[in-house]
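Shown next, in C-alpha coordinates, is the structure this report addresses.
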Amino acid sequence: ISVQALIQQFDILEDSLGFELFIRSKRGVSLTKSGEIFYPTAKQILSLYYEATERAKRESSEKLCIAVPEEQYPDFLLDSLKRFCTKYPDSFLSAPMSEHFHLIRSHKADCSFLGEPSPSYMSDLSYESLDNNFYAFAMNPGHRLAEKSLITKEDLTDISVYCGNYAFMKQTFMDGLKDTKANRIDMEGEYDFSLKSKVLFSDALLVFPASWKSFYSRSLKVIDSDIAAGSIGILYRKRAQSTMDRLISHLKEEIRFHA
(Lines give C-alpha, C1' and ligand atoms only; values in the text may rest on other atoms or scores of the structure.)
Protein backbone atom coordinates (compact mmCIF):
# COMPACT_ATOMS: atom_id res chain seq x y z
CA ILE A 1 0.00 0.00 0.00
CA SER A 2 1.31 3.46 -0.91
CA VAL A 3 1.98 6.20 1.64
CA GLN A 4 -0.72 8.37 0.08
CA ALA A 5 -3.31 5.59 0.28
CA LEU A 6 -2.37 4.95 3.93
CA ILE A 7 -2.78 8.66 4.78
CA GLN A 8 -6.21 8.63 3.14
CA GLN A 9 -7.22 5.66 5.31
CA PHE A 10 -6.02 7.56 8.39
CA ASP A 11 -8.10 10.58 7.36
CA ILE A 12 -11.24 8.47 6.80
CA LEU A 13 -10.81 6.79 10.20
CA GLU A 14 -10.32 10.11 12.01
CA ASP A 15 -13.34 11.64 10.26
CA SER A 16 -15.53 8.71 11.30
CA LEU A 17 -14.34 8.96 14.92
CA GLY A 18 -14.57 12.73 15.19
CA PHE A 19 -11.11 13.25 16.66
CA GLU A 20 -7.47 13.05 15.55
CA LEU A 21 -5.48 9.92 16.19
CA PHE A 22 -2.11 10.82 14.70
CA ILE A 23 0.43 13.61 14.79
CA ARG A 24 2.15 13.83 11.41
CA SER A 25 5.61 15.39 11.16
CA LYS A 26 8.72 15.14 9.03
CA ARG A 27 10.10 12.63 11.51
CA GLY A 28 7.12 10.31 11.10
CA VAL A 29 3.78 9.62 12.75
CA SER A 30 2.93 9.41 16.46
CA LEU A 31 -0.28 9.07 18.46
CA THR A 32 -2.17 12.02 19.86
CA LYS A 33 -3.40 11.89 23.46
CA SER A 34 -6.77 10.71 22.13
CA GLY A 35 -4.97 8.10 20.02
CA GLU A 36 -3.10 6.76 23.05
CA ILE A 37 -6.43 6.32 24.87
CA PHE A 38 -8.20 4.83 21.85
CA TYR A 39 -5.54 2.34 20.69
CA PRO A 40 -5.47 -0.27 23.52
CA THR A 41 -9.27 -0.47 23.70
CA ALA A 42 -9.58 -0.75 19.91
CA LYS A 43 -6.94 -3.50 19.93
CA GLN A 44 -8.90 -5.40 22.57
CA ILE A 45 -12.13 -5.04 20.60
CA LEU A 46 -10.45 -6.38 17.46
CA SER A 47 -9.11 -9.34 19.42
CA LEU A 48 -12.60 -10.11 20.74
CA TYR A 49 -14.02 -9.73 17.22
CA TYR A 50 -11.57 -12.27 15.77
CA GLU A 51 -12.15 -14.64 18.70
CA ALA A 52 -15.94 -14.39 18.27
CA THR A 53 -15.58 -14.98 14.52
CA GLU A 54 -13.44 -18.06 15.12
CA ARG A 55 -15.89 -19.35 17.72
CA ALA A 56 -18.90 -18.85 15.43
CA LYS A 57 -17.16 -20.70 12.61
CA ARG A 58 -16.28 -23.61 14.89
CA GLU A 59 -19.72 -23.86 16.48
CA SER A 60 -21.42 -23.97 13.07
CA SER A 61 -18.88 -26.41 11.64
CA GLU A 62 -19.02 -30.21 11.74
CA LYS A 63 -15.28 -30.39 12.41
CA LEU A 64 -14.09 -31.75 15.73
CA CYS A 65 -10.60 -30.65 16.77
CA ILE A 66 -9.03 -33.12 19.20
CA ALA A 67 -5.92 -31.79 20.95
CA VAL A 68 -3.61 -34.78 21.45
CA PRO A 69 0.18 -34.90 21.99
CA GLU A 70 0.95 -38.30 20.46
CA GLU A 71 3.94 -39.06 22.66
CA GLN A 72 1.89 -39.04 25.86
CA TYR A 73 -1.05 -41.37 25.25
CA PRO A 74 -1.39 -45.16 25.33
CA ASP A 75 -1.32 -46.87 21.97
CA PHE A 76 -4.87 -48.22 22.28
CA LEU A 77 -6.26 -44.70 22.82
CA LEU A 78 -4.30 -43.29 19.89
CA ASP A 79 -5.43 -46.18 17.70
CA SER A 80 -9.08 -45.65 18.66
CA LEU A 81 -8.79 -41.91 17.95
CA LYS A 82 -7.33 -42.64 14.54
CA ARG A 83 -10.18 -45.01 13.80
CA PHE A 84 -12.62 -42.34 14.95
CA CYS A 85 -11.02 -39.82 12.60
CA THR A 86 -11.21 -42.32 9.75
CA LYS A 87 -14.89 -42.93 10.46
CA TYR A 88 -15.56 -39.20 10.88
CA PRO A 89 -13.11 -37.43 8.53
CA ASP A 90 -14.23 -34.03 9.81
CA SER A 91 -12.18 -34.71 12.95
CA PHE A 92 -8.44 -34.16 13.33
CA LEU A 93 -5.58 -34.20 15.85
CA SER A 94 -3.56 -31.18 17.00
CA ALA A 95 -1.49 -29.32 19.66
CA PRO A 96 1.02 -29.91 22.49
CA MET A 97 -0.17 -30.59 26.05
CA SER A 98 0.92 -27.21 27.43
CA GLU A 99 -1.58 -25.41 25.17
CA HIS A 100 -4.64 -27.63 25.64
CA PHE A 101 -6.55 -25.64 28.27
CA HIS A 102 -6.07 -22.39 26.33
CA LEU A 103 -7.03 -23.98 23.00
CA ILE A 104 -10.25 -25.42 24.42
CA ARG A 105 -11.24 -22.20 26.21
CA SER A 106 -10.56 -20.13 23.08
CA HIS A 107 -12.63 -22.57 20.94
CA LYS A 108 -9.63 -23.52 18.81
CA ALA A 109 -9.92 -27.11 20.02
CA ASP A 110 -12.95 -29.03 21.25
CA CYS A 111 -11.36 -31.46 23.67
CA SER A 112 -8.22 -33.04 25.08
CA PHE A 113 -7.24 -36.24 26.89
CA LEU A 114 -5.36 -36.15 30.18
CA GLY A 115 -5.32 -37.25 33.79
CA GLU A 116 -7.98 -35.83 36.10
CA PRO A 117 -7.41 -32.06 36.41
CA SER A 118 -7.43 -29.94 39.55
CA PRO A 119 -10.84 -28.34 40.30
CA SER A 120 -9.22 -24.90 40.06
CA TYR A 121 -8.78 -25.49 36.30
CA MET A 122 -12.37 -26.60 35.72
CA SER A 123 -14.50 -23.45 36.13
CA ASP A 124 -15.73 -23.50 32.53
CA LEU A 125 -14.71 -27.02 31.52
CA SER A 126 -16.01 -30.55 32.02
CA TYR A 127 -14.08 -33.78 32.53
CA GLU A 128 -15.35 -37.30 31.98
CA SER A 129 -13.29 -40.27 33.11
CA LEU A 130 -12.69 -42.91 30.42
CA ASP A 131 -10.41 -45.42 32.13
CA ASN A 132 -8.27 -46.02 35.22
CA ASN A 133 -4.66 -44.90 35.04
CA PHE A 134 -1.64 -46.34 36.87
CA TYR A 135 1.88 -45.12 37.48
CA ALA A 136 4.84 -46.36 35.49
CA PHE A 137 8.52 -45.99 36.34
CA ALA A 138 11.47 -45.24 34.06
CA MET A 139 14.99 -46.34 35.00
CA ASN A 140 18.37 -47.12 33.52
CA PRO A 141 18.39 -50.58 31.87
CA GLY A 142 20.83 -51.92 34.46
CA HIS A 143 18.67 -51.07 37.46
CA ARG A 144 17.85 -53.99 39.79
CA LEU A 145 14.11 -53.48 39.11
CA ALA A 146 14.53 -53.47 35.31
CA GLU A 147 13.72 -57.18 34.96
CA LYS A 148 10.42 -56.99 36.83
CA SER A 149 7.17 -57.23 34.88
CA LEU A 150 5.23 -55.12 37.39
CA ILE A 151 6.39 -52.77 40.16
CA THR A 152 4.57 -52.80 43.50
CA LYS A 153 4.66 -50.41 46.46
CA GLU A 154 6.96 -52.79 48.30
CA ASP A 155 9.49 -52.71 45.45
CA LEU A 156 9.98 -48.97 46.00
CA THR A 157 11.26 -49.26 49.57
CA ASP A 158 14.41 -47.11 49.93
CA ILE A 159 14.41 -46.41 46.18
CA SER A 160 14.93 -42.76 45.10
CA VAL A 161 12.14 -41.55 42.82
CA TYR A 162 12.00 -38.24 40.96
CA CYS A 163 8.50 -36.72 41.36
CA GLY A 164 7.42 -33.82 39.14
CA ASN A 165 4.42 -31.58 39.48
CA TYR A 166 2.12 -30.44 36.67
CA ALA A 167 -0.06 -27.56 37.83
CA PHE A 168 -3.22 -28.82 36.14
CA MET A 169 -3.13 -32.29 37.76
CA LYS A 170 -5.45 -33.08 40.66
CA GLN A 171 -2.89 -35.36 42.33
CA THR A 172 0.84 -34.64 42.34
CA PHE A 173 3.31 -37.48 41.89
CA MET A 174 4.60 -36.81 45.41
CA ASP A 175 1.10 -37.41 46.81
CA GLY A 176 0.58 -40.41 44.56
CA LEU A 177 3.53 -42.20 46.17
CA LYS A 178 2.96 -41.06 49.76
CA ASP A 179 1.86 -44.56 50.83
CA THR A 180 5.14 -46.09 49.66
CA LYS A 181 8.51 -46.10 51.42
CA ALA A 182 10.27 -44.59 48.43
CA ASN A 183 12.71 -41.71 48.84
CA ARG A 184 10.63 -39.18 46.94
CA ILE A 185 12.58 -36.34 45.30
CA ASP A 186 10.32 -33.33 44.73
CA MET A 187 11.19 -31.71 41.39
CA GLU A 188 8.89 -28.75 42.23
CA GLY A 189 7.90 -28.38 38.60
CA GLU A 190 7.38 -30.12 35.29
CA TYR A 191 9.82 -32.65 33.86
CA ASP A 192 12.34 -31.55 31.27
CA PHE A 193 14.60 -33.46 28.88
CA SER A 194 17.63 -33.24 31.21
CA LEU A 195 15.86 -35.54 33.68
CA LYS A 196 16.19 -38.45 31.26
CA SER A 197 19.97 -38.17 31.51
CA LYS A 198 19.85 -37.99 35.30
CA VAL A 199 17.86 -41.23 35.43
CA LEU A 200 19.97 -42.96 32.76
CA PHE A 201 23.16 -42.44 34.76
CA SER A 202 21.85 -43.03 38.30
CA ASP A 203 19.90 -45.52 40.42
CA ALA A 204 16.93 -43.16 40.77
CA LEU A 205 13.58 -43.83 39.11
CA LEU A 206 11.22 -41.45 37.36
CA VAL A 207 7.47 -41.73 38.01
CA PHE A 208 4.69 -40.70 35.63
CA PRO A 209 1.24 -41.93 34.53
CA ALA A 210 1.50 -45.09 32.44
CA SER A 211 -0.30 -43.27 29.64
CA TRP A 212 2.93 -41.29 29.08
CA LYS A 213 5.29 -44.26 28.89
CA SER A 214 5.83 -44.27 25.11
CA PHE A 215 7.58 -40.90 25.53
CA TYR A 216 10.16 -42.32 27.97
CA SER A 217 10.56 -45.87 26.64
CA ARG A 218 12.71 -44.70 23.74
CA SER A 219 15.75 -44.14 25.95
CA LEU A 220 14.93 -45.72 29.34
CA LYS A 221 13.57 -48.99 30.65
CA VAL A 222 9.91 -48.45 31.58
CA ILE A 223 8.01 -50.80 33.92
CA ASP A 224 4.29 -50.61 34.71
CA SER A 225 3.08 -50.66 38.30
CA ASP A 226 -0.08 -51.58 40.20
CA ILE A 227 -0.11 -48.17 41.94
CA ALA A 228 -3.26 -46.24 41.04
CA ALA A 229 -2.78 -42.83 39.39
CA GLY A 230 -6.39 -41.70 39.15
CA SER A 231 -8.08 -41.70 35.78
CA ILE A 232 -7.47 -40.69 32.19
CA GLY A 233 -10.37 -38.91 30.58
CA ILE A 234 -11.69 -36.35 28.15
CA LEU A 235 -11.63 -32.60 28.87
CA TYR A 236 -14.07 -30.32 27.04
CA ARG A 237 -16.10 -27.11 27.34
CA LYS A 238 -19.25 -27.47 29.44
CA ARG A 239 -21.45 -26.30 26.58
CA ALA A 240 -19.99 -28.82 24.14
CA GLN A 241 -21.61 -31.95 25.64
CA SER A 242 -23.70 -32.68 22.54
CA THR A 243 -20.60 -32.37 20.36
CA MET A 244 -18.68 -34.74 22.62
CA ASP A 245 -21.33 -37.46 22.97
CA ARG A 246 -20.35 -39.17 19.73
CA LEU A 247 -16.64 -39.19 20.59
CA ILE A 248 -17.12 -40.26 24.23
CA SER A 249 -19.41 -43.12 23.17
CA HIS A 250 -16.88 -44.27 20.56
CA LEU A 251 -13.96 -44.22 23.02
CA LYS A 252 -15.83 -46.08 25.74
CA GLU A 253 -16.68 -48.82 23.26
CA GLU A 254 -13.03 -49.01 22.20
CA ILE A 255 -11.85 -49.18 25.81
CA ARG A 256 -14.32 -51.97 26.63
CA PHE A 257 -13.06 -53.88 23.57
CA HIS A 258 -9.43 -53.26 24.57
CA ALA A 259 -10.08 -54.48 28.13
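For the numbers below, each heavy atom of this structure counts, side chains included, while hydrogens, waters and symmetry mates do not.
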Review point. Counting heavy atoms not belonging to Glu14, are there more than 12 under 6.0 Å from its CD?
Key: yes

**Study point:** Ile37 with Leu46, same ILVMFWY side-chain cluster at under 4.5 Å
**Key:** no

Practice item. Check whether Leu17 and Ile45 end up in the same hydrophobic cluster, where Ile, Leu, Val, Met, Phe, Trp and Tyr are linked by side-chain heavy atoms less than 4.5 Å apart. Key: no

Exercise for review: Using the rule that two of Ile, Leu, Val, Met, Phe, Trp, Tyr join whenever any of their side-chain heavy atoms come within less than 4.5 Å, decide whether Phe134 and Tyr166 are in one cluster.
Suggested key: no

Check your understanding: With side chains defined as the heavy atoms from C-beta onward, is the minimum distance between Leu31 and Phe38 less than 4.5 Å?
Key -> no

Exercise for review: Can you tell me which residue pairs pass the side chain to side chain donor-acceptor pair (under 3.5 Å) test with a partner in residues 180-191, sequence neighbours excluded?
Suggested key: none

Review point. Taking Leu235 as the fixed residue, which of Glu128, His100, Met122 is the one that meets the side-chain contact (heavy atoms from CB on, under 4.5 Å) rule?
Key: Met122

Review point. Do you know which two heavy atoms are closest between Ile227 and Thr152, and how far apart they sit?
Key: CD1-C, 4.4 Å

Check your understanding: Among pairs that include at least one residue of residues 134-143, which meet side chain to side chain donor-acceptor pair (under 3.5 Å), considering only residues two or more places apart or in two chains?
Key -> Tyr135-Gln171

Review point. Distance from Leu114 atom CG to Ile232 atom CD1, nearest 0.5 Å?
Key: 7.5 Å

Exercise for review: Could you go through the side-chain contact (heavy atoms from CB on, under 4.5 Å) check for Glu116 and Asn133 one step at a time?
Suggested key: CA-CA 10 Å; Glu116 187 173 358; Asn133 211 355; over 6 Å; no

Check your understanding: Are any side-chain N or O atoms of Arg105 and backbone N or O atoms of Arg237, one a donor and one an acceptor, separated by less than 3.5 Å?
Key -> no

Practice item. With the side chain counted from C-beta on, respond yes when Tyr216 and Val199 share a heavy-atom pair under 4.5 Å apart, and no when they do not. Key: no

**Study point:** Side-chain heavy-atom pair Cys163, Leu177 within 4.5 angstrom cut-off
**Key:** yes

**Study point:** pair Ser219-Leu200: side-chain heavy atoms closer than 4.5 Å
**Key:** no

**Study point:** Close side-chain approach of Asn165 to Met174, heavy-atom, < 4.5 Å
**Key:** no

Exercise for review: For the residue pair Ile151 and Met139, establish whether any side-chain heavy-atom pair is separated by less than 4.5 Å.
Suggested key: yes

Practice item. Quick one: closest heavy-atom pair of Pro141 and Ala146, and the distance? Key: O-CB, 3.4 Å

Review point. Which pair of non-hydrogen atoms, one from Val222 and one from Ala136, has the smallest distance, and what is that distance?
Key: CG1-CB, 4.1 Å

**Study point:** Value rounded to 0.5 Å, distance of CG in Leu206 from OG in Ser160
**Key:** 12.5 Å

Check your understanding: Between Ser231 and Gly233, is there a donor-acceptor pair closer than 3.5 Å when you use the side chain of the first and the backbone of the second?
Key -> no

Study note, to complete from the structure: CZ (Phe173) and CE (Met187) are apart, to the nearest 0.5 Å, by 11.5 Å

**Study point:** Close side-chain approach of Ser126 to Ile234, heavy-atom, < 4.5 Å
**Key:** no

**Study point:** Worked check of side-chain contact (heavy atoms from CB on, under 4.5 Å) between Ile159 and Phe137
**Key:** CA-CA 11 Å; Ile159 298 288; Phe137 294 85; over 6 Å; no

Exercise for review: Return yes when atom NZ of Lys196 has more than 12 non-hydrogen atoms of other residues, nucleotides or ligands closer than 6.0 Å, and no otherwise.
Suggested key: yes

Practice item. First locate atom CG of Asp155, then atom OG1 of Thr157, and finally report the distance between them rounded to the nearest 0.5 Å. Key: 8.0 Å

**Study point:** Validation row: Tyr127, Leu125 side chains within 4.5 angstrom (heavy atoms)
**Key:** no

**Study point:** Step-by-step side-chain contact (heavy atoms from CB on, under 4.5 Å) determination, Asp175 to Met169
**Key:** CA-CA 11 Å; Asp175 288 341; Met169 294 177 66; over 6 Å; no

**Study point:** Tyr39 atom OH: more than 12 heavy-atom contacts under 6.0 Å
**Key:** no

Check your understanding: Does one hydrophobic cluster hold both Val29 and Phe19, with members joined at side-chain heavy-atom distances below 4.5 Å?
Key -> yes

Check your understanding: Which word best sums up how the rings of Phe168 and Phe101 line up, parallel for under 30°, tilted for 30 to 60°, or perpendicular for over 60°?
Key -> tilted

**Study point:** Nearest-0.5 Å distance that lies between atom CG in Leu205 and atom OH in Tyr162
**Key:** 10.5 Å

Point to revise | Joint hydrophobic cluster, Ile23 plus Leu13, side-chain heavy atoms closer than 4.5 Å | key: no

Check your understanding: Do Ser118 and Ser120 have side-chain atoms, one donor and one acceptor, less than 3.5 Å apart?
Key -> yes

Point to revise | Interatomic distance, Leu21 atom CG to Asp11 atom CG [nearest 0.5 angstrom] | key: 10.5 Å

